[in-house]
Number of protein chains: 2
Amino acid sequence: MRPTMKDVASAAGVALKTVSRVVNGEPGVNPGTAERVREAIERLGYSRNESARVLRRGRTSTVGLVIEDVADPFYSVLGRAVEDVTTAHGCLLLSGSSGEDPARERELIRTFCARRVDGLIVVPAGEDHSFLRPELDAGTPAVFVDRPPGPGLDVDTVLCDNAAGARLATRHLLAHGHRRIAFLGDRPSIFTASRRLHGYRAALGRLFDERLVAMRAPTPEGVRADLERMLALDDPPTALFTGNGRLTMTALRALRTREDGRRMALVGFDDFELADLLRPGVTVVAQDPTSMGGLAAELLFRRLAGDGGPAEHLRLPVRVIPRGSGELPP
Amino acid sequence: MRPTMKDVASAAGVALKTVSRVVNGEPGVNPGTAERVREAIERLGYSRNESARVLRRGRTSTVGLVIEDVADPFYSVLGRAVEDVTTAHGCLLLSGSSGEDPARERELIRTFCARRVDGLIVVPAGEDHSFLRPELDAGTPAVFVDRPPGPGLDVDTVLCDNAAGARLATRHLLAHGHRRIAFLGDRPSIFTASRRLHGYRAALGRLFDERLVAMRAPTPEGVRADLERMLALDDPPTALFTGNGRLTMTALRALRTREDGRRMALVGFDDFELADLLRPGVTVVAQDPTSMGGLAAELLFRRLAGDGGPAEHLRLPVRVIPRGSGELPP
DNA sequence: GTGAAAGCGCTAACAT
DNA sequence: ATGTTAGCGCTTTCAC
């Protein structure tokens, strides 16, 4: 069906190897011959079969990226950063959504490895990554981003300082006079969620009250129910710390419909588009998904270039961006 | 390095072909033999080399997706829909960002074709896609989404009704009493931008005033300058129609800093997260990127299943979502 | 039920 | 400067 090097060779009246040389820009081909070959390539509409090349050479020049959801604003920006670095290194990025499902995560990684990606970048969903052992041993490096791998896997990681970020957020609210500060986090099984809970709790000290903590998947109904419950307490919260961007937006919607909700101070983990345009602007603890993805990719390419040093563990800083909602008085 | 079928075969004491049968779930293998093979596979950490399989079989079970930016909220949602359909069909999705650059678009498509994707889904950046001819002739189907291909290529397309959407938006503002309605669009070379301009102009009829039209890349500075210019007119606009989600957000930021801007009515093309939480809520003409991506992918898989009918041209409806900003009086 | 041999399209190593 | 040969890991075909 599609023309092969052999077809191009006979069309140009040369040996297959000469075509290979021209296609790959190898030296040692007479300019005239090269021209004839190029003309035949053009005429036949030839394009090199990458599968055959990969089979022979052993390197695919691809990188696999597993994230929670390619459509999530945080992870898609992280993914774009990985794509840019990957492209700059002449590689192709394969990416897929795990949807927080460990089985899907494993299946994606399996698929990537069967396609022999040169390396993996993973935002893990599962708690156990021992299935990666054979791949790592076979020489496929992996970098974990945003969350660490399950126990027993000593690979490079790029995380943000979750606990410090949560402490900053909570202290910010404390500094503005709040004493009853609620925390809305994602499921505690998610690494970032439990680290952020930890930071929140550490900053509160003896002000901590477990009735002001709710951790679950960010559904509108669930968040609404949690807030209703807390606001019905004798001593209701005057401020709220939300554990990720999705929860912040969900909470904003839920609070808007209650008049006592509108006056509630709010600090969210993760920045998001339009946070500055809301009234009041939403104060956040911001991470930088672009740096995160970019650094993870650079780390991976350093491994691919042969760096065999001990596993690196990058911890990226976070910063508070005050915009109004976090500075409301109790 | 990595174990091959040959290694598994000798470890299990069978012929290579028997391993192949077990790996592929082909019938005609003694259960006991199959068990021995599976055990050897497990022990050696074998995983099938997909490149070799592809080379032999001729099908990669991959689909290539080219979009403007994998981190753009609109296109990333579209991409996720494509991914879901692709996964459901047992295929892997390769996706890449063209960044509105025709050269990068072409390079991405070339890369995908060299990797012999079974089919392509493209949100085109360029105006000429004749380079796709050989691929189509070689039997690689393509579906164009959001924008049609350049002339001479009769492939399946999934577009939204851009002109109708722009007419709806403009009429909505007219119905609320506006007579001076400005249009902020992306570069006119972009298909959707020019179609939306067309619909806007058609709805305005003799109310059209070219001084109220500005088309350019959605940069904060550019949008700000355009708005300043229009608001300085003797007969300034009382309403604004923005041609895509990015422009809507950029315009909202620019308007917020002017007191005469806050009272300006606004309808935006494309819905976006938090449009409902802004004050006033942002009235939009919404398309459905999930349907768009899903339908495009379904169309592609119908082609891959052998449907050789004439090119289909789907046109998706749009709808107005009133939220406040489009209902402000002049 | 099992296996041997050929070959997919390419590159690496070695001639000429 | 050009060509020949072997073989990457798998599936296909055909033989046992």
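Naming convention: chains lettered A, B, ... in sequence-line order (proteins, then strands); numbering from 1 in each chain.
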Enquirer: The side chain of B:Ala15 is closest to which nucleotide in this list: C:dG3, D:dC10, D:dC8?
Expert: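 Among C:dG3, D:dC10, D:dC8, the one nearest the side chain of B:Ala15 is C:dG3.
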
Enquirer: If you check every side-chain atom of B:Leu16, which of C:dG9, C:dT2, D:dT11 has the closest atom?
Expert: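 Of C:dG9, C:dT2, D:dT11, D:dT11 is nearest to the side chain of B:Leu16.
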
Enquirer: Among C:dT11, C:dC10, D:dC10, find the nucleotide with the atom closest to the side chain of A:Ser20.
Expert: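 Of C:dT11, C:dC10, D:dC10, C:dT11 is nearest to the side chain of A:Ser20.
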
Enquirer: Under 3.5 Å, is there a donor on one side chain and an acceptor on the other for B:Thr62 and B:Arg116?
Expert: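 No pair is found: no donor N or O on one side chain lies under 3.5 Å from an acceptor on the other.
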
Enquirer: Less than 4.0 angstrom between a side-chain N/O of A:Thr33 and OP1 or OP2 of D:dT2, yes or no?
Expert: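 For D:dT2, OP1/OP2 do have a side-chain N/O of A:Thr33 under 4.0 Å.
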
Enquirer: D:dT11, OP1 or OP2 - any side-chain N/O from B:Arg53 closer than 4.0 Å?
Expert: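 Answer is yes, contact under 4.0 Å.
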
Enquirer: Quickly work out the A:Arg56 CZ to D:dC10 C1' distance and round it to whole Å.
Expert: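 The answer, rounded to whole Å, is 15 Å.
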
Enquirer: Show your reasoning for whether salt bridge (Lys or Arg N to Asp or Glu O under 4.0 Å) applies to B:Arg36 and B:Glu39.
Expert: CA-CA 5 Å; B:Arg36 277 206 338 276; B:Glu39 188 269 328; over 6 Å; no

Enquirer: A:Val29 has a side chain; which of C:dT11, C:dG9, D:dT2 sits nearest to it?
Expert: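 Nucleotide nearest to A:Val29's side chain: D:dT2.
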
Enquirer: Could you check how far CZ of A:Arg2 sits from P of C:dC10, rounded to whole Å?
Expert: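 Roughly 11 Å, once rounded to whole Å.
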
Enquirer: To the nearest 10°, let me know how far the axis at one end of the helix from C:dG1-D:dC16 to C:dT16-D:dA1 is tilted from the axis at the other, five pairs an end.
Expert: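 Angle reported: 40°, given to the nearest ten degrees.
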
Enquirer: With the side chain counted from C-beta on, respond yes when A:Gln287 and A:Leu316 share a heavy-atom pair under 4.5 Å apart, and no when they do not.
Expert: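 Of all side-chain heavy-atom pairs linking A:Leu316 with A:Gln287, none is under 4.5 Å.
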
Enquirer: When you match B:Arg116 and B:Asn30 each to their closest nucleotide on DNA chain C, which lands nearer the 5' end?
Expert: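 That would be B:Asn30.
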
Enquirer: Report the distance from atom NZ of A:Lys6 to atom C1' of C:dG7, rounded to the nearest whole Å.
Expert: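 Answer to the nearest Å: 10 Å.
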
Enquirer: In terms of side-chain heavy atoms, does B:Thr290 have a donor or acceptor partner in B:Arg80 at a distance below 3.5 Å?
Expert: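 No donor-acceptor contact under 3.5 Å links the two side chains.
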
Enquirer: Picking from C:dG9, D:dC10, D:dG3, which would you name as closest to the side chain of B:Thr4?
Expert: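 Among the listed nucleotides, the one closest to the side chain of B:Thr4 is D:dC10.
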
Enquirer: Pick the closest DNA chain C nucleotide for A:Arg21 and for A:Pro3 by heavy atoms, then say which residue is nearer the 5' end.
Expert: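 Comparing both residues, the 5'-ward one is A:Pro3.
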
Enquirer: Who passes side chain to side chain contact (heavy atoms under 4.5 Å, CB included) against B:Thr86, sequence neighbours left out?
Expert: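 Once residues adjacent in sequence are excluded, the partners of B:Thr86 under the side chain to side chain contact (heavy atoms under 4.5 Å, CB included) criterion are B:Val63, B:Val82, B:Cys91, B:Leu93, B:Phe301.
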
Enquirer: Can you measure from CG (A:Leu44) to CD (A:Glu42) and round to the nearest 0.5 angstrom?
Expert: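 Between atom CG of A:Leu44 and atom CD of A:Glu42 there are 10.0 Å.
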
Enquirer: Heavy atoms under 4.0 Å, any strand shown: does A:Val54 hit a base, just sugar-phosphate, or nothing?
Expert: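 The answer is nothing, as A:Val54 stays clear of every strand by at least 4.0 Å.
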
Enquirer: For the pair made of CE in B:Met5 and C1' in C:dG3, what is the distance, rounded to whole Å?
Expert: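 About 14 Å, once rounded to whole Å.
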
Enquirer: Show your reasoning for whether side chain to side chain contact (heavy atoms under 4.5 Å, CB included) applies to A:Tyr75 and A:Asp146.
Expert: CA-CA 10 Å; A:Tyr75 295 116; A:Asp146 190 47; 2.9 Å; yes

Enquirer: Counting only side-chain heavy atoms from C-beta out, which of C:dC10, D:dT11, D:dG9 sits nearest to B:Asn49?
Expert: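 Nearest listed nucleotide: D:dG9.
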
Enquirer: Please report the distance, rounded to the nearest Å, between CZ in B:Arg115 and P in C:dG9.
Expert: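 In whole Å, C:dG9 P lies 18 Å from B:Arg115 CZ.
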
Enquirer: Determine all donor-acceptor pairs shorter than 3.5 Å in which one atom belongs to a side chain in residues 129-136 of chain A; sequence neighbours excluded.
Expert:
unit_1   : atom_1 : unit_2   : atom_2 : d
A:His129 : ND1    : A:Gly150 : N      : 2.9
A:His129 : NE2    : A:Glu105 : OE2    : 3.3
A:Ser130 : OG     : A:Asp128 : OD1    : 2.9
A:Ser130 : OG     : A:Asp128 : OD2    : 3.3
A:Glu135 : OE1    : B:Arg2   : NH1    : 2.9
A:Glu135 : OE1    : B:Arg2   : NH2    : 3.1

Enquirer: Round to a whole Å and report the spacing from CG of B:Leu55 to P of C:dC10.
Expert: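 In whole Å, C:dC10 P lies 9 Å from B:Leu55 CG.
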
Enquirer: What's the closest nucleotide to the A:Val14 side chain, out of D:dC10, D:dT11, D:dG3?
Expert: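 So the side chain of A:Val14 is nearest to D:dG3.
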
